[in-house]
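What follows is a set of notes on a single structure, which appears directly below.
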Amino acid sequence: MRVVLEVLADLRMARRLQPWAQLLEHALQPELLRRPRVAIEAAPLTSLDTETTSLDPMQARLVGISLSVTEHEACYIPLAHRYPGAPEQLGLERVLEKLRPWLQSPRHPKVGQNLKYDAHVLANHGIALEGIEHDTLLQSYVLESHRGHDMEALAERHLGRRTLTYEQVCGKGARQIGFDEVSIERATEYSAEDAEVTLALHQVLWPRVREHDGLRFVYQSIEIPLSRVLFAMERTGVRVDPVLLTAQSRELGERIAALEAQAHQLAGQPFNLGSPKQIGEILFGKLGLPVQKKTASGAPSTDEDVLERLAADFPLPRTLLEHRALSKLKSTYCDKLPAMIRQDTGRVHTTYGQTIAVTGRLASSDPNLQNIPIRTAEGRRIREAFVAPAGSHIVSADYSQIELRIMAHLSDDAGLLEAFAKGQDVHRATAAEVFGVRVDEVSADQRRTAKVINFGLMYGMSAFGLATNLGIGRDEARGYIERYFARYPGVARYMDTTRALAKRQGYVETVFGRRLWLPEINSPNGPRRQGAERAAINAPMQGTAADLIKLAMVATAEWLRRESLGTRLIMQVHDELVFEVPDSELERVRARVPDLMCHVASLKVPLAVDIGAGRNWDQAH
DNA sequence: TAAGTCACG
DNA sequence: ACGTACGTGACTTAT
């Protein structure tokens with residue numbers, strides 16, 4: 001491998017001839033940029049990488065930029081290295097002003113590894129990155145969502161190259177240093193190599209994506225356009241009311257303290273309610289309650305399911321359950337969310353992981369805005385703190401029964417298709433079929449059972465699992481499943497053919513051609529293989545739903561842009577899109593968004609969207 | 001850093 | 001006889 005560290009080489013030579021600053025300024029003259037070695041102006045594609053002070057995209061500041069336009073060649077522009085003896089560098093502002101026209105030009109195509117991050121970094125310095133043509137992270141994800149996508153792994157896997165790692169350069173743990181403390185020589189080796197490897201990876205991965213129409217569609221028409229939608233969502237952030245959450249925290253704290261005292265009373269001794277180990281010692285040791293199940297490591301479980309069963313006969317488990325529920329709300333939401341409000345924007349800015357979930361779904365982190373409570377009244381109060389600024393509303397639009405509709409589409413089952421075509425309540429329809437009663441005779445309990453069956457089926461559930469979940473006998477559960485498959489033979493056929501297809505090709509596909517690999521589908525290890533079989537059943541449904549909402553995000557973002565609306569997409573929660581909408585645009589958004597979401601694709605079933613508006617996220621449902 | 005638990009779709 | 005519902009992220013405790 002030959003990485004030509006152009007700028008560095010020049011600098012080393014130059015150091016004896018002229019000051020750094022002068023030379024670098026010279027290197028950024030347009031005349032020089034037109035030369036092949038640093039010809040980003042003329043290049044059909046330039047690889048770009050930024051080095052920064054932080055992994056947090058909203059607060060990272062630039063330390064340096066690397067570029068590569070030709071195989072085996074790259075340059076590094078040091079900008080803000082600061083360590084004892086660090087040489088003087090070009091002024092950050094002056095370099096960015098020189099590069100601004102190119103960085104902001106859609107006509108100068110760029111490739112990178114996770115350019116959404118670099119776009120944030122540049123945005124932190126007032127630069128709006130344009131021309132994101134390719135991203136090797138997204139290419140790798142589309143090709144192999146189940147494997148790792150970090151640069152070291154990709155270089156090894158696809159190029160057979162061992163690269164300098166971030167850890168080798170910055171260390172790890174307590175001794176880790178900021179990139180601005182790395183010597184310019186070392187930084188150049190690392191960063192220039194990253195830019196150069198990225199270009200090489202693109203040259204290997206892009207042809208592999210391109211050769212399959214489905215993968216190409218998922219990459220070019222879903223993931224690449226989505227990345228800039230996600231960038232905008234992350235940057236916009238969400239307004240969260242810290243006063244409300246802090247008040248809730250104080251109230252919860254008091255109730256938690258009371259529950260703790262009560263638990264100690266019932267146990268006859270103090271113990272740490274946050275410790276499953278200590279809870280186990282009290283319940284199953286001191287009090288001698290029956291062990292219900294064991295954890296993976298063999299310890300007696302104290303999870304919700306166990307405590308719920310014990311609560312029927314003993315008082316302490318109920319107290320523990322309430323304590324757990326309130327502690328979760330307090331620490332994860334009431335205390336953490338206000339701490340994550342950025343002072344400069346007054347909002348929380350999540351990061352959407354576009355290459356985390358193997359099924360094609362997004363993931364949200366720091367903070368996770370995809371697991372905000374909704375199932376209990378207590379929990380829903382958290383959502384009241386997700387508020388609209390004055391003069392605007394929160395609007396929530398969610399797909400109704402999206403995965404069941406996809407199951408109907410994929411299985412081509414006549415009964416299921418008909419239920420959706422007629423706009424029926426599908427759980428009620430299922431109950432009528434399974435219990436052999438008329439639709440209008442279905443009891444609330446029968447509908448609840450049918451709903452569990454429907455969800456269980458989509459997860460590849462067994463009779464045992466259904467029995468456990470419904471609290472019924474295994475024979476009864478098996479009876480329900482048999483009746484279901486008798487009434488919906490298309491679904492039974494789909495399950496069988498999907499398993500068989502997964503075993504034959506090693507992957508399954510979504511409606512749009514996203515490939516979901518199942519490395520353990522032919523494993524000799526029974527439980528592992530069965531796990532892969534269940535994943536094979538579920539993946540096309542979960543994955544197709546992910547494809548659909550991603551297309552909807554791209555479509556709504558494009559509509560908002562074209563219409564020059566002030567409405568902003570602020571969150572995605574798998575089957576739900578959340579917008580912040582100026583009052584003046586409320587009616588247009590309510591009228592158009594469901595239509596856009598429903599018509600991103602035409603399946604054998606209609607898609608349906610529920611939409612609501614309110615001053616906060618809770619009211620928008 | 002792992003384990004256990006629990007928040008969401 | 002065995003294990004037993006898909007996919008995530010984050011918090012706390014314990015090592």
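Naming convention: chains lettered A, B, ... in sequence-line order (proteins, then strands); numbering from 1 in each chain. Below, each value reflects all heavy atoms present in this structure, side chains not excepted, and no hydrogens, waters or symmetry copies. Source: prediction; values computed, not measured.
The 12-atom threshold is not exceeded at CG of A:Leu55, counting heavy atoms of other residues, nucleotides or ligands nearer than 6.0 Å. The neighbour count for A:Arg487 CZ, taken as heavy atoms of other residues, nucleotides or ligands under 6.0 Å away, does not exceed 12.
Residue contacts shown for A:Gly274 are limited to sugar-phosphate atoms, with no base heavy atom under 4.0 Å away. Using a 4.0 Å heavy-atom distance criterion, A:Ser462 is classed as a base contact. In this structure, A:Thr468 reaches neither bases nor backbone, as no heavy-atom distance under 4.0 Å exists between it and the strands shown. In this structure, A:Arg528 reaches neither bases nor backbone, as no heavy-atom distance under 4.0 Å exists between it and the strands shown.
Distance A:Leu404 CG to C:dC6 P: 17 Å, rounded to the nearest Å. The interatomic distance linking A:Gln354 (CD) with C:dT8 (P) rounds to 15 Å, in whole Å. Computed from coordinates, the A:Gln530 CD to C:dC6 C1' distance equals 15 Å when rounded to whole Å. Per the geometry, NZ belonging to A:Lys293 stands 11 Å off C1' belonging to C:dT4, to the nearest Å. What separates CG of A:Asn525 from P of C:dT4 is a distance of 11 Å, to the nearest Å. One can place CZ of A:Arg529 at 14 Å from P of C:dT4, the figure rounded to the nearest angstrom. Whole-Å rounding puts the A:Leu518 CG to C:dG7 P distance at 9 Å. Rounded to whole Å, the distance from CE on A:Met461 to C1' on C:dG7 is 16 Å.
For the 3.5 Å distance criterion, the side chains of A:Thr345 and A:His349 qualify, holding a donor opposite an acceptor. Between A:Gln139 and A:Tyr219, the side chains place a donor N or O and an acceptor N or O closer than 3.5 Å (distance only, hydrogens not considered). In this model, no donor atom of one side chain and acceptor atom of the other lie less than 3.5 Å apart for A:Gln370 and A:Ser364.
Judged by atom type and distance alone, A:Ser275 does not reach the base of C:dT13 through any side-chain donor-acceptor pair under 3.5 Å.
Classified by interplanar angle (parallel below 30°, tilted 30° to 60°, perpendicular above 60°), the ring pair A:Phe231/A:His120 is tilted. By the 30° and 60° cut-offs, the orientation of the rings of A:Phe512 relative to A:Phe217 is parallel.
Comparing the same atom, C1', in B:dA7 and in C:dC2 gives a spacing of 31 Å after rounding to whole Å. Across the C1' atoms, B:dC6 and C:dA1 are found 32 Å apart, a figure rounded to whole Å.
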Dot-bracket encoding of pairs in DNA chain C, which uses [ ] for pseudoknotted crossings and | for another strand, Watson-Crick or G-U under 3.5 angstrom: .....|||||||||.
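The closest side-chain heavy-atom distance from A:Arg347 to A:Arg342 is not below 4.5 Å. When side chains are defined from C-beta on, A:Leu273 counts as touching A:Phe271, because their heavy atoms get closer than 4.5 Å.
Taking the side chain of A:Ile356 as heavy atoms from C-beta on, and the options C:dT13, C:dT8, C:dA10, the nearest nucleotide is C:dT8.
Within the structure, every side-chain polar atom (N or O) of A:Lys277 is placed at least 4.0 Å from both OP1 and OP2 of C:dT12.
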Per-nucleotide protein contact string for nucleotides 4-9 of chain B (B base, S sugar-phosphate only, - none; heavy atom under 4.0 Å): SSBBBB
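Here the options are A:Glu509, A:Glu223, A:Glu144, the test is salt bridge (Lys or Arg N to Asp or Glu O under 4.0 Å), and the partner is A:Arg514; only A:Glu223 passes.
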